[in-house]
Amino acid sequence: MTDKPVIYQVFTRLFGNDSTANQPNGDRVINGCGSMAAFTSKALGEIRGLGVTHIWYTGIIEHATQTDYSAYGIATDHPAIVKGKAGSVYAIKDYYDVDPDLATSVPARMKEFENLVARTHRAGLKVIIDFVPNHVARTYHSDACPEGVSDLGADDDTTQAFSPKNNFYYYPGQSFTGDFDLWAGQAEPYTEQPARATGNDVFSPHAGRNDWYETVKLNYGVDYADGRSKHFDPIPSTWRKMLNILLFWADKGIDGFRCDMAEMVPSEFWGWVIPQVQAAHPGIIFIAEIYGPDAYRRYLTEGRFDYLYDKVGLYDTLRAVTVGQANAESITCCWQAVDDIRPHMLSFLENHDEQRIASDFFAGDGERGRAPMLVAATISTGPVMIYFGQELGERGMDAEGFSGRDGRTTIFDYWTVDAVSRWRNKGKFDGRRLTPQEVDLRQFYATLLNLCNREAAIREGDFFDLMYANAPSQHFNPHRHYTYLRHAGNEVILFVANFDDCDADIEVSIPQHAFELYSMKPAEHIAATELLTGQAVTVDFTPDKPVKVNVPANSGIALKMNLDK
């Protein structure tokens, strides 16, 4: 039996922070910082209890920061090219090191990470970390790389704008400029000569304030000035260096990589590197952050990824349905668009890039995430992911500093995530600081996510969309109701999601075709169990009578039946 991956993304430096200062733009001393040590056996057990199979520790690798770690031999970064006091975890400063913010003892930070991996495995969880292949911090320099490893850019010919032997793209004779303060209160401005291309494909010596100006683009052998011509033979220098980096972390015993902005790196590289890493470490998975549906199949077949983000399809649609900007029946189009690759699509409603469900910018209340989360978790055998605090209805409505009040949990600032801190309660995890609503919401997530692998029909079963058989009626509204079956063996689960703000008495028609397709025998007055509540009910499950159910507002039901063949 293969588990359906249930991933818990956690922003590592924020998880264990309990500071009450929370001063906008506050430094590490004022606002505090969590560490890897916060992931105790108790903490990991609580996360595992949610039904989680994998934990994605976001922000493990050393990144640029305004915090001074020079006492430990770590070069300081110019604040002009660091976003926020803490800095973005996607501005990698040393691919071969652990971020010092996360350590109890900075000199022992790599050992602490290795202990975290071992502790996580003992808790029955697998470990995912970020691999950020497209760009690095402007001040990138590895002081921890293994002996004999050449640093990125160390052998570049900076007189050439492009060379497949170079790791960066250059603008010979031109200095880096930007629409932001290059002095940032320092005695000297940040200087870069020659200028290099910026991380979000800004092929210019100039970067705007909305660009990823704190990063530089890596060169994988694609000449963007020459119509994106490809120079992959011989294998570019960057490819070999990235293979070594991936193997370095895989050797630490991790179980997967979430690959940042994977489609900004050529699929040919992934198809070359992933098989080599998986040959050395069987079972390790690769997840692509990807937003272009036209590239999905290429990054699965040629790129050899295991899973892809389902963002512009399922996430965008579920969000729109939740807030009343789209009809529930539009969900059908989502799965149809990727039906041939659905087991490879990772679904989610929150991550570090997206606004919190409970924020004023999304649904305004975590309770309204129940219906879309039911669909996201159970619509396919593919992975599902939640973001730490989502299960508590964390609102993300703080103005932390660089991040601003945007409905997201900051990735740039030192801060305390209120709901998570109260749930942790100094490591006791006793629920005493949570509200009854938060306790109830977390129980919903725990029940739902545990179903993902407990129920064969969800873990590995077939999917049957019922929307075509349910026309608008007094007891079914395809604008606000979505319904489908999951089936395995003699078991079938009827799912009904209610995106409306009112409880609904819903009648769901099951077409004759479903019974024929799965060789199910119709049954009247059959015993069923509503899996989210454990309630026992009796229903008619035939093509002649609709199944009558009451579905709570902004929530759903999962009605399980055992049928004779």
Treating [X] as the side-chain partner and [Y] as the backbone partner, does any N or O pair qualify as donor plus acceptor under 3.5 Å?
X	Y	value
Ser421	Val417	no
Trp270	Glu302	no
Lys93	Thr65	no
Asp211	Tyr213	no
Thr198	Asn200	no
Thr53	Val6	yes
His78	Thr139	no
Asp430	Arg432	yes
Glu350	Ile357	yes
Glu400	Thr409	no

Roughly how far, to the nearest 0.5 Å, is the [atom2] atom of [Y] from the [atom1] atom of [X]?
X	Y	atom1	atom2	result
Ile7	Arg258	CD1	CZ	11.0 Å
Thr58	Asn351	OG1	CG	9.0 Å
Tyr95	Lys241	OH	NZ	11.5 Å
Asp130	His352	CG	NE2	7.0 Å
Gln9	Ile55	CD	CD1	10.0 Å
Arg109	Asp99	CZ	CG	9.0 Å

Side chain proximity check, [X] to [Y], heavy atoms < 4.5 angstrom:
X	Y	value
Asn115	Lys111	yes
Arg405	Asp360	yes
Val127	Leu116	no
Ser380	Met345	no
Tyr57	Leu102	no
His63	Val82	no
Lys217	Asp201	yes
Trp56	Met385	yes

Checklist entry - Hey, mind stepping through Val265 and Leu218 against side-chain contact (heavy atoms from CB on, under 4.5 Å) and telling me if it holds? => result CA-CA 9 Å; Val265 172; Leu218 282 167; over 6 Å; no

Checklist entry - In chain order, what residues pass the side chain to side chain donor-acceptor pair (under 3.5 Å) check against Thr215, with sequence neighbours excluded? => result none

Give a yes-or-no answer on whether the side chains of [X] and [Y] include a donor-acceptor pair shorter than 3.5 Å.
X	Y	answer
Ser150	Asp155	yes
Asn167	Ser237	yes
Glu394	Tyr387	no
Gln390	Tyr445	yes
Lys85	Asn25	no
Tyr69	Asp101	yes
Ser19	Tyr414	no

Item to check | Trace of the side-chain contact (heavy atoms from CB on, under 4.5 Å) decision for Phe176 with Val216 | outcome: CA-CA 11 Å; Phe176 177 69; Val216 287; over 6 Å; no

Testing the basics here: between [X] and [Y], what is the closest heavy-atom pair and its distance to 0.1 Å?
X	Y	value
Pro343	Thr381	CB-OG1, 3.7 Å
Trp423	Glu46	CZ2-CB, 3.8 Å
Thr416	Asn17	CG2-O, 3.1 Å
Leu349	Gly369	CD1-O, 4.0 Å
Thr322	Pro372	OG1-CG, 3.3 Å
Tyr307	Pro5	OH-CG, 3.7 Å

Checklist entry - Does the ring-ring contact (aromatic ring centres under 6.0 Å, His included) test come out yes or no for His281 and Phe257, once each step is laid out? => result CA-CA 12 Å; His281 298 273; Phe257 293 98; 9.0 Å; no

Next on the checklist: Is the terminal nitrogen or CZ of Arg119 (NZ for Lys, CZ for Arg) located under 6.0 angstrom from the six-membered ring centre of Phe39 and within 45° of that ring's axis?
Outcome noted: no

Item to check | Contacts of type side-chain contact (heavy atoms from CB on, under 4.5 Å), residue Lys252, not counting sequence neighbours | outcome: Met110, Phe113, Glu114, Phe248, Trp249

Checklist entry - Got a sec, which residues hit side-chain contact (heavy atoms from CB on, under 4.5 Å) with Gln278, two or more places apart in sequence or on another chain? => result Ile274, Ile284, Phe286, Asp306

Checklist outcome for this item: Only one of Asp94, Asp97, Asp151 passes side chain to side chain donor-acceptor pair (under 3.5 Å) with Ser142, and that residue is Asp94

Salt-bridge test for [X] and [Y]: reply yes if a basic N is under 4.0 Å from a carboxylate O, no otherwise.
X	Y	result
Arg138	Asp77	no
Lys311	Asp316	yes
Arg319	Glu354	no
Asp440	Arg442	no

Within a 6.0 Å radius of atom [atom1] on [X], are there more than 12 heavy atoms belonging to other residues, nucleotides or ligands?
X	atom1	answer
Lys4	NZ	yes
Arg433	CZ	yes
Lys428	NZ	yes

Next on the checklist: Before you tell me yes or no, could you show the steps for Phe11 and Phe388 under ring-ring contact (aromatic ring centres under 6.0 Å, His included), namely the whole-Å CA-CA distance, both residues' side-chain angles and the distance that decides it to 0.1 Å?
Outcome noted: CA-CA 7 Å; Phe11 205 83; Phe388 81 129; 7.2 Å; no

Item to check | From CA spacing to verdict: side-chain contact (heavy atoms from CB on, under 4.5 Å), Gln276, Leu247 | outcome: CA-CA 9 Å; Gln276 293 186 70; Leu247 290 172; over 6 Å; no

Item to check | Parallel, tilted or perpendicular: ring planes of Trp272 versus Trp239, cut at 30 and 60 degrees | outcome: tilted

Next on the checklist: Test side-chain contact (heavy atoms from CB on, under 4.5 Å) on His54 and Tyr8; report intermediate values, then the result.
Outcome noted: CA-CA 6 Å; His54 296 67; Tyr8 189 82; over 6 Å; no

